[in-house]
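Data block below; observations after.
What you see below is based on every heavy atom in this structure, not just the backbone, and it leaves out hydrogens, waters and symmetry mates. Note that the structure is predicted; figures quoted are calculated from it, not measured.
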Amino acid sequence: MASVDLAPDADDRRMSTGYPGVDRVLGGGLVPGSVVLLAGAPGIGKSTLLLQLASRLTTAGRPCLIASGEESRGQIAGRARRLGLPGAALAFCPGRDLDEVISVAIRDRPAVLAVDSVHTIRSGASDALAGGPGQVRLCVDSLTGLAKEHGITAILVGHVTKAGDLAGPRTVEHAVDIVLTFEGNPRSGLRLLAGGKNRFGPEGEVVWFEMGRDGLIESDSGPGLGEGGEPGCATTVVLAGRRAIALEVQALVVRSEGPPRRQVDGLNARRFHILSAVTDQAAGLGLIRAELYGSVAGGLQLEDPGADLAVSVALASSATGRPAREGTVFIGEVSLTGAVRPVGGLEQRAAAAAAIGARTVVCAATERDVGPGAGSLTFLRVRHVRDALRTLVSSGDVGSGRRRMG
């Protein structure tokens with residue numbers, strides 16, 4: 001059997017984006033010949049992130065070609081000037097005709113081809129309109145073939161629907177090597193870049209950005225620990241890949257004369273409703289007759305069950321008007337019976353809590369002891385959500401059976 005001369009390991013040829021956090025999410029940087037899908041809602045800042053990445057790569061000697069069907073050359077140049085980027089060094093071509101984009105890329109051989117977006121580019125091989133499932137699939141397949149054949153890294157921008165799914169056929173996600181999602185509340189300056197599928201590294205890594213006048217600035221800590229002192233707020237620490245991130249959960253309980261409403265932003269609605277019922281059963285707060293609102297600071301989506309205890313504390317805090325103890329972080333899953341269950345990665349979460357200045361961690365009584373990374377944190381271990389609420393939110397009303405909201 002003839003031997004095969006393999007190419008150098010991909011990790012040895014990675015390109016740094018100039019953003020340490022983005023490199024970490026990618027698994028160590030961009031791999032030549034790979035295809036990255038950058039998905040996010042319209043207006044969230046995908047084009048800005050792409051332009052900043054392209055500028056840093058070009059400055060580092062990795063020339064980039066921007067193919068944009070969303071903006072003209074003048075618009076991109078204007079954005080670069082506003083952000084203080086050396087836009088003159090960036091190569092540009094119109095990004096609405098697939099054959100033209102491929103032709104320019106083969107001729108110029110950039111290190112990175114950035115296509116903004118896969119929903120505006122169109123192939124002449126199909127009569128379908130740009131953005132349709134057939135066109136998107138055809139264009140992504142052709143751009144993937146270009147990347148693999150010529151060793152050009154392709155970053156493809158894609159839009160997501162209101163439901164949070166990638167617009168277009170699901171096969172697009174299977175065709176690319178890496179799927180990144182860029183999310184956040186447009187009314188907030190916080191943005192989160194999260195890694196999904198990744199053929200070259202771990203999944204689930206995240207990096208925070210703050211959107212300002214000078215564009216997106218990478219942040220190490222995310223929203224961090226709230227100032228405290230306000231009823232309806234509780235801080236938790238969630239796991240995202242190999243990182244632990246502190247987030248503030250907020251709740252508002254309002255007395256209602258009519259049918260009560262339930263509304264959440266960044267929280268799982270079904271889980272929020274269950275936790276409100278469990279909290280009401282445990283503390284007798286009359287939440288069933290109140291309007292309930294819940295959110296996560298920064299407008300991020302929260303799915304980690306380790307945040308359950310913080311949601312219950314925030315609800316009880318708002319209902320009683322008593323703030324949670326300052327400098328306290330709540331970590332634990334809450335069962336239907338109200339029992340507080342342990343969650344994975346407590347040592348990592350505790351270290352992140354200590355790093356943001358927390359003094360106390362409330363967790364499940366059955367959690368194992370943590371190592372020295374927790375610093376001088378005090379651990380308050382509870383078996384039932386009622387114990388956490390009675391100790392940390394209210395002295396007289398919580399757990400006494402009296403209903404403030406009735």
Side-chain angles (χ1 to χ4, degrees), residues 15-19 22 26 29-40 42-124 129-131 135-136 138-159 176 178 180 182 193 209 211 213-216:
M15 297 178 287
S16 173
T17 63
Y19 289 97
V22 177
L26 291 168
L30 290 167
V31 175
S34 64
V35 182
V36 180
L37 179 64
L38 174 62
I44 202 66
K46 300 185 299 298
S47 297
T48 298
L49 177 60
L50 195 68
L51 183 59
Q52 291 185 205
L53 289 174
S55 177
R56 292 203 176 193
L57 284 163
T58 300
T59 301
R62 306 283 190 174
C64 296
L65 172 63
I66 297 178
S68 178
E70 303 273 351
E71 298 176 304
S72 66
R73 183 190 301 268
Q75 288 174 309
I76 292 178
R79 185 196 298 267
R81 285 194 296 271
R82 291 194 300 273
L83 299 176
L85 303 176
L90 296 174
F92 172 87
C93 75
R96 289 188 173 269
D97 183 86
L98 176 66
D99 293 336
E100 180 182 356
V101 170
I102 291 178
S103 176
V104 173
I106 293 175
R107 182 194 69 197
D108 294 351
R109 292 296 180 94
V112 177
L113 169 64
V115 178
D116 188 11
S117 68
V118 295
H119 296 100
T120 58
I121 195 168
R122 181 180 182 277
S123 170
L129 295 175
Q135 278 286 358
V136 171
L138 179 60
C139 292
V140 170
D141 285 345
S142 298
L143 292 169
T144 300
L146 168 74
K148 303 302 181 185
E149 182 179 353
H150 297 279
I152 298 172
T153 300
I155 304 178
L156 315 179
V157 172
H159 301 308
V176 302
I178 299 174
L180 305 178
F182 198 48
L193 182 68
F209 285 92
M211 177 70 83
R213 295 183 60 182
D214 297 327
L216 291 160

query = Can Leu193 and Leu38 be said to form a side chain to side chain contact (heavy atoms under 4.5 Å, CB included), step by step?
reply = CA-CA 9 Å; Leu193 182 68; Leu38 174 62; 3.7 Å; yes
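- Minimum heavy-atom separation, Ser72 to Phe92: C-CZ, 3.8 Å.
- Sorted by first and then second residue, the pairs that involve residues 50-78 and meet salt bridge (charged side-chain N to carboxylate O under 4.0 Å, His left out), not counting sequence neighbours, are Glu71-Arg79.
- Between the CG atom in Leu138 and the CZ atom in Arg122 there is a gap of 10.0 Å [rounded to 0.5 Å].
- Looking at every heavy atom in both residues, Gly45 comes nearest to Met211 through CA-CE, 4.2 Å.
- By the side-chain contact (heavy atoms from CB on, under 4.5 Å) test, Ser34 pairs with Val31, Val36, Thr153, Asp177, Phe200, sequence neighbours left out.
- Rounded to the nearest 0.5 Å, atoms CG (Leu90) and OG1 (Thr58) are 4.5 Å apart.
- Using a 4.5 Å heavy-atom threshold, the side chains of Thr48 and Phe209 count as separate.
- With sequence neighbours excluded, the residues satisfying side-chain contact (heavy atoms from CB on, under 4.5 Å) with Thr17 are Tyr19, Val22, Asp23, Leu26, Leu30, Leu53.
- Without hydrogens or angle criteria, Lys148 side chain to Gly33 main chain gives a donor-acceptor distance under 3.5 Å.
- Using modelled atom types, no side-chain atom of Ser55 and backbone atom of Leu51 make a donor-acceptor pair closer than 3.5 Å.
- Here the CG atom belonging to Leu57 is positioned 6.5 Å from the CD1 atom belonging to Ile155, to the nearest 0.5 angstrom.
- Here the closest heavy-atom approach between residue Ala54 and residue Cys64 is recorded as O-SG, 3.6 Å.
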Per-pair distances, 0.1 Å, donor-acceptor, side chain in residues 98-116, under 3.5 Å, sequence neighbours excluded:
unit_1, atom_1, unit_2, atom_2, d
Arg109, NE, Ile106, O, 3.3
Arg109, NH2, His150, ND1, 3.1
Asp116, OD2, Ser47, OG, 2.6

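- Between Thr120 and Gly69, the closest heavy-atom pair is OG1-CA, 3.6 Å.
- One finds the CD1 atom of Ile121 at 5.0 Å from the CG atom of Leu143 (value rounded to the nearest 0.5 Å).
- Counting heavy atoms from C-beta outward, Gln52 and Leu85 have side chains that approach closer than 4.5 Å.
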